[in-house]
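We're numbering straight along the sequence, starting at 1.
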Amino acid sequence: MNPAADARTDLVRACLREPVTRTPVWFMRQAGRSLPEYRAARGEGSILSAIADPSLAAELTLQPVRRYGVDAAILFSDIVEPLHAIGFGVEVEAGRGPVVAEPFRGEADLARLRAFEPAADAPYVGETVRLVARELTTSGVALIGFAGAPFTVASYIVEGGPSRTFAKVKALMHGDPGLWARLTDRLAAMAVASGKARDLPNLGQAAFQEPDGSVVVRKDWKVLVVDITGLPAQFGVPPTSSGDVAVTVADVILGCWAGD
């Protein structure tokens, strides 16, 4: 086995269906938020401001690893960070979640969704990754990066914030499927760019999160929602789940890759 392959963590090996010393288990939780050290370091500022501070974001990423000895760190970030970085007008309100000052309402709003260029728009993400990767080198701990899959991100920018009914996004999906397709295509491209920006050495996983996908009935999933099982292929890696995506699953883990 070559040194680069030998350096891969069990999590990476498990994703690639290779032999592991033990089977990693991932419980999808925001464990860091409950830690006193998280609250002390994070303070009262905006989460988006914390993400834009590489030293702080790296510290918040690593805290659960130090306390619990988990198999992987999850990069401290948010699925709407790329939207914020391109100036779409999204903020994350404490106790509520992402809110958009001027929601997406029609064709003209596509111009506000320009291509996300990570190196220019969010250079702090790459710096955070470098800081965390340096800390995790030779530790056997993987690093998980994630991006927002199209339906969930679209639901925020169309509804203007979290929703229980998704009335506006469903009206757009069924009322103007052509515009819906153009919107989700742009958001899919943004997710891919965001994922590639987290070009993690000896990485663990890439997760495309679609927590709001459960509101879409199965017959509409393939027709009206971007088939997010195709996203990992754009990284040149196999998906970790096969077949149709179950829309009842909150966080769909779709792909992983190992760095050189």
Inset, instruction - Using a strict cut-off of less than 4.0 Å between a Lys/Arg side-chain nitrogen and an Asp/Glu carboxylate oxygen, indicate whether Asp109 and Arg186 qualify as a salt bridge. - result: no
Inset, instruction - Take atom CZ of Arg96 as the centre, draw a 6.0 Å sphere, and report whether it contains more than 12 heavy atoms from other residues, nucleotides or ligands. - result: yes
Legend entry - Aromatic ring pairing Phe151/Phe166, orientation class (parallel under 30°, perpendicular over 60°, tilted between): tilted
Inset, instruction - Mind listing the closest non-hydrogen atom pair of Leu183 and Ala154 along with its distance? - result: CD2-CB, 4.1 Å
Inset, instruction - Could you state whether Leu143 and Leu131 fall into the same hydrophobic cluster, counting links through intermediate Ile, Leu, Val, Met, Phe, Trp or Tyr residues with side-chain heavy atoms under 4.5 angstrom apart? - result: no
Inset, instruction - Using the side-chain hydrogen bond (donor to acceptor under 3.5 Å, both in side chains) rule, take Tyr68 and Gln63 through it: C-alpha gap first, then chi angles, then the decisive distance, then the call. - result: CA-CA 9 Å; Tyr68 297 119; Gln63 284 178 347; over 6 Å; no
Inset, instruction - Please determine if Glu59 and Arg66 form a salt bridge, counting it only when a charged side-chain N lies under 4.0 Å from a carboxylate O. - result: yes
Legend entry - Flag if over 12 foreign heavy atoms under 6.0 Å of CD, Glu107: yes
Inset, instruction - Report yes if some heavy atom in the side chain of Phe76 is under 4.5 Å from a heavy atom in the side chain of Ile47; otherwise report no. - result: yes
Legend entry - Charged N-O contact under 4.0 Å between Arg67 and Glu37: yes
Legend entry - Backbone N/O of Glu159 and side chain of Ser163: donor-acceptor pair under 3.5 Å: no
Inset, instruction - With sequence neighbours excluded, give me every side chain to side chain donor-acceptor pair (under 3.5 Å) pair touching residues 128-150. - result: Glu127-Arg130
